[in-house]
Amino acid sequence: MSLDIQAITYAATQTSINVRQVAATCKLLIEDQCTVPFISRYRKEVTGSLDEVQIRQIHEHYEEYLKIEQRRTFILETIEKMEKMTPELKNKILSAQTLNQLEDIYAPFKVKKKTKGMIAQENGLEPFAHFLLTSFDSLESQKAELEKRFVTENEKIATFQEAFEGACHILLEKFSGDPEMKEKMRQEYWNSSIISSEKRKEAEKEAEFLKFKDFFEFSEPVRQIKEAKNTHRFLALRRGMTLNILKVTVAIDANTAYQIMQNHFFADATKLGNYALLKKISEKAFDNHVALSMDLEIKTELKKIADDAAISVFGVNLKNLLLQPYLGAKSVLGIDPGIRTGCKIVIIDQTGKYIADHVIYPFAPKFDVEGSRVIIEKIIELFNIEYIAIGNGTNGRETLEFVQDNIKQVKEEKVKAVLVNESGASIYSASDIAREEFPDKDVTVRGSISIARRFQDPLAELVKIDPKSIGVGQYQHDINQVKLKKSLEGVVEDCVNFVGVDINTASAPLLSFISGIGPSVAKKIVETREKNGGFKKREDLLTISRFSQKIFEQSAGFLRIYNGENLLDSTFIHPENYPILEEWTKQNNISLND
């Protein structure tokens, strides 16, 4: 796929990154089909050391430009087919910078149903409208002449009143839909509009009514609420609006809006013969059309801004969660707290392998404190348990207190007991991945395994769960789901590749996030490993079906082989750079192991 030079320039402008760096990055992404983790780690000399965030921003703005141009081309072709294109109109379309501006220009051509203004134009009343807009003569002084021209000599119009109303409809639609006026109004809205909310009359009937009491009499400047630190308030307003609890409006001072309309359409207003009429029509155009349009548009744009801010927070929180310190080769006892149905406990060995499970009943109705104590203490002795990981859900703190107060090894501080965030464990336990891993275990046992493993190795376990289910942000169901999914998957990909994986122990879900691999190739790697034993060197990957040279280039540096044939396979050094290091060791008379 060839690069679009204008898209590169656009991406450079939007990101404030040097155009040469942007061009080099786009070539790697689009022409060479390289992944973001590969580019950020192994092509720093090409991009000028751009990080993964900057690379993704470049790609996003590059694609944004292509979408704008695709829409521009569609609009040009459509209007050409309608035979309504003029040089002036074409120039406006070509000059438009944003999708909103393009849609403003295209709006009159999308109308399927004829409007009153369109019918009036077909009836030959546009000159009448032009007279009202530009003449220094009053309507009354020219009534006889106008009646003769637009009624007597016009078979389509029966009365002067009909002609007059038709001309007014033409002006109303002109005032409502003019693209240049709407752009001026748009700028005014972003600069000075106020977003406000009030309680709807029937709101008390809604179950979540009281959650929105802070917004029953609320107002804030739009320029303030669109700041990243404040956008969560807009998401709250929008949820209240969706639930029919709140009425939310965005508005500017009406007199300011009227003045913008008048300055744009009839600047020398006081000299015009029909100034009072034009003023009335322009105000009606704003009140009935422009204000509603701007209200909807600003709220739509605020939603996008709020989505981006929320997704950014999701990403930061998820990255911090995934990159928590790795516990290492320690045996863990995982406990999923319960009351009536008991606490499900599982044993996980040093490698993360599931050993066994059991149920204890230290709480009501059985209150088997002594039996539960004996079981846990024996398990700690038999399996050399060093940590007890307890889910922080319902009854979590009570379970932690039971362990701290009753288990000898914990009281002696030989074993540490901790609460672990169990968000998403229930999602994992019912997932296809969990059923494939533990087909003969019920969901409660799978949940306990997830709790123990995520304490042992957060990254390896949490990649199995939909990031949205881990609980790392607010309003996750209110924001753009496609964009959220794409962003969080990018965060997971970045984290996995930042750490790298042991190819001889990593699960298929973990491998699937490695640069260039994906789910199907990951499964092939695991199947080959189980069939032939562990991999001895990175090059062995090329024997796997569908593992192409391109996939090897993109993934090899992130796949680790410990105690293999080549010591460099256990490092982040890419195989393409092995010859350089090997030659250096020869020249300096140093062994590779040293």
Side-chain angles (χ1 to χ4, degrees), residues 1-37 39-40 46-48 50-78 92-107 110 179 182-183 186-187 189-190 222 226-228 231 234-235 294 296-316 478-491 493-494:
M1 185 185 296
S2 60
L3 294 176
D4 188 305
I5 303 302
Q6 295 301 320
I8 290 171
T9 304
Y10 179 83
T13 302
Q14 295 298 314
T15 58
S16 300
I17 297 173
N18 182 283
V19 71
R20 291 182 182 177
Q21 290 175 278
V22 173
T25 302
C26 289
K27 182 180 184 302
L28 289 168
L29 284 166
I30 296 155
E31 287 190 349
D32 299 344
Q33 296 291 294
C34 294
T35 66
V36 173
I39 295 170
S40 65
V46 178
T47 67
L50 296 179
D51 62 28
E52 63 274 8
V53 175
Q54 292 170 307
I55 294 167
R56 284 198 165 88
Q57 286 175 343
I58 287 171
H59 198 192
E60 182 180 328
H61 289 299
Y62 183 94
E63 291 183 332
E64 181 181 37
Y65 178 85
L66 295 183
K67 288 179 182 177
I68 292 173
E69 291 310 301
Q70 185 180 24
R71 186 61 176 166
R72 193 192 311 276
T73 300
F74 171 81
I75 290 171
L76 285 167
E77 290 176 351
T78 302
K92 283 183 178 180
I93 295 171
L94 293 173
S95 301
Q97 299 295 309
T98 66
L99 281 174
N100 277 335
Q101 290 173 357
L102 281 171
E103 296 305 332
D104 285 345
I105 296 168
Y106 184 49
K110 289 194 292 186
K182 289 194 78 173
E183 184 59 28
R186 183 175 290 123
Q187 295 304 318
Y189 263 79
W190 283 115
V222 162
K226 76 171 186 176
E227 295 176 8
T231 52
F234 178 76
L235 290 175
M294 285 293 114
L296 179 61
E297 181 181 311
I298 298 298
K299 285 190 284 198
T300 300
E301 292 300 315
L302 282 174
K303 172 66 165 53
K304 293 177 184 176
I305 293 169
D307 280 358
D308 288 343
I311 288 170
S312 177
V313 171
F314 263 93
V316 170
D478 297 271
I479 57 185
N480 186 309
Q481 296 299 293
V482 174
K483 201 167 185 179
L484 176 63
K485 184 174 186 292
K486 183 178 179 181
S487 174
L488 295 187
E489 285 177 350
V491 172
E493 182 184 40
D494 290 342

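Keep in mind it's a predicted model, so treat the numbers as computed, not measured. Along the sequence shown, the residues carry numbers beginning at 1.
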*Identify the two heavy atoms, one from V22 and one from A11, that lie closest to each other, and give their separation to 0.1 Å.*
CG1-CB, 3.9 Å
*asked:* More than 12 heavy atoms of other residues, nucleotides or ligands under 6.0 Å from CD of E227: yes or no?
replied: yes
*Side-chain contact test, heavy atoms from C-beta onward, threshold under 4.5 Å: evaluate it for R72 versus L102 and give yes or no.*
yes
*Passes side chain to side chain contact (heavy atoms under 4.5 Å, CB included), V53 versus D494? Steps please.*
CA-CA 9 Å; V53 175; D494 290 342; 5.7 Å; no
*Could you tell me which residues satisfy side chain to side chain contact (heavy atoms under 4.5 Å, CB included) with S312, sequence neighbours excluded, listed by chain and number?*
none
*asked:* Less than 4.5 Å apart, side chain to side chain, heavy atoms only: is that true for L29 and V36?
replied: yes
*How about R71 and E103: do any of their side-chain heavy atoms sit closer than 4.5 Å?*
yes
_Salt bridge or not between E301 and K226? Use side-chain N to carboxylate O under 4.0 Å._
no
*Atom pair SG/NE2 of C26 and H61 - distance to nearest 0.5 Å*: 11.5 Å
*For K92, does its backbone N or O pair with a side-chain atom of S95 as donor and acceptor, under 3.5 Å?*
no
_Side-chain ion pair, R186 and E183, N-O less than 4.0 Å_ = yes
*asked:* Using side-chain heavy atoms (C-beta onward) and a distance below 4.5 Å, is Q97 in contact with I68?
replied: no
*asked:* On a heavy-atom basis, which atom in I105 and which in A96 lie closest, and how many Å separate them?
replied: CD1-CB, 4.2 Å
*Any donor-acceptor pair under 3.5 Å linking the side chain of D32 with the backbone of C34?*
no
*Can you check whether I93's main-chain N or O pairs, donor with acceptor, with Y106's side chain at less than 3.5 Å?*
no
*Could you tell me whether the side chain of Q33 and the main chain of E31 form a donor-acceptor pair under 3.5 Å?*
no
_Pair E60 + K486, salt bridge at N-O below 4.0 Å_ = no
*Work out which heavy atom in Y62 is nearest to a heavy atom in I8; give both atom names and the distance.*
CE1-CG1, 3.9 Å
*Out of curiosity, D478 CG to L484 CG, how far, rounded to the nearest 0.5 Å?*
11.0 Å
*Nearest-0.5 Å distance, CG of residue D51 to CD1 of residue I39*: 12.0 Å
*What heavy-atom pair brings A12 and V19 nearest, and what distance separates the two atoms?*
CB-CA, 3.9 Å
*Flag the pair I305 / F234 as yes when at least one side-chain heavy-atom distance between them is below 4.5 Å, and no otherwise.*
no
_Lys/Arg N to Asp/Glu carboxylate O, K303 vs D307, below 4.0 Å_ = yes
*Does the T231 side chain pair with the main chain of A228, one donor and one acceptor, at a distance under 3.5 Å?*
yes
*Are E52 and R56 ion-paired here, with the side-chain N under 4.0 Å from a carboxylate O?*
no
_Taking the side chain as everything from C-beta on, heavy atoms only, tell me whether K182 gets closer than 4.5 Å to M294._
yes
*asked:* Would you compute the distance between atom CD1 of I55 and atom CD of Q57 and round it to the nearest 0.5 angstrom?
replied: 10.5 Å
*Any idea how Y10 and Y65 line up, ring-wise: parallel (<30°), tilted (30 to 60°), or perpendicular (>60°)?*
tilted
*asked:* Return the CD1 to CD distance between I58 and Q21, rounded to the nearest 0.5 Å.
replied: 7.5 Å
_Euclidean distance, L66 CG relative to Q70 CD, rounded to 0.5 Å_ = 8.5 Å
*Can you see which heavy atom on N480 is nearest to which on K483, and at what distance?*
OD1-N, 2.9 Å
*asked:* Just so I know, are the side chains of F314 and L488 near enough to count as touching, which here means a heavy-atom distance under 4.5 Å?
replied: yes
*Ignoring hydrogens and geometry, is there a side-chain-to-backbone donor-acceptor pair from E77 to F74 under 3.5 Å?*
no
*Please examine the side chains of S40 and L50, heavy atoms only from C-beta on, and report whether any two atoms are closer than 4.5 Å.*
no
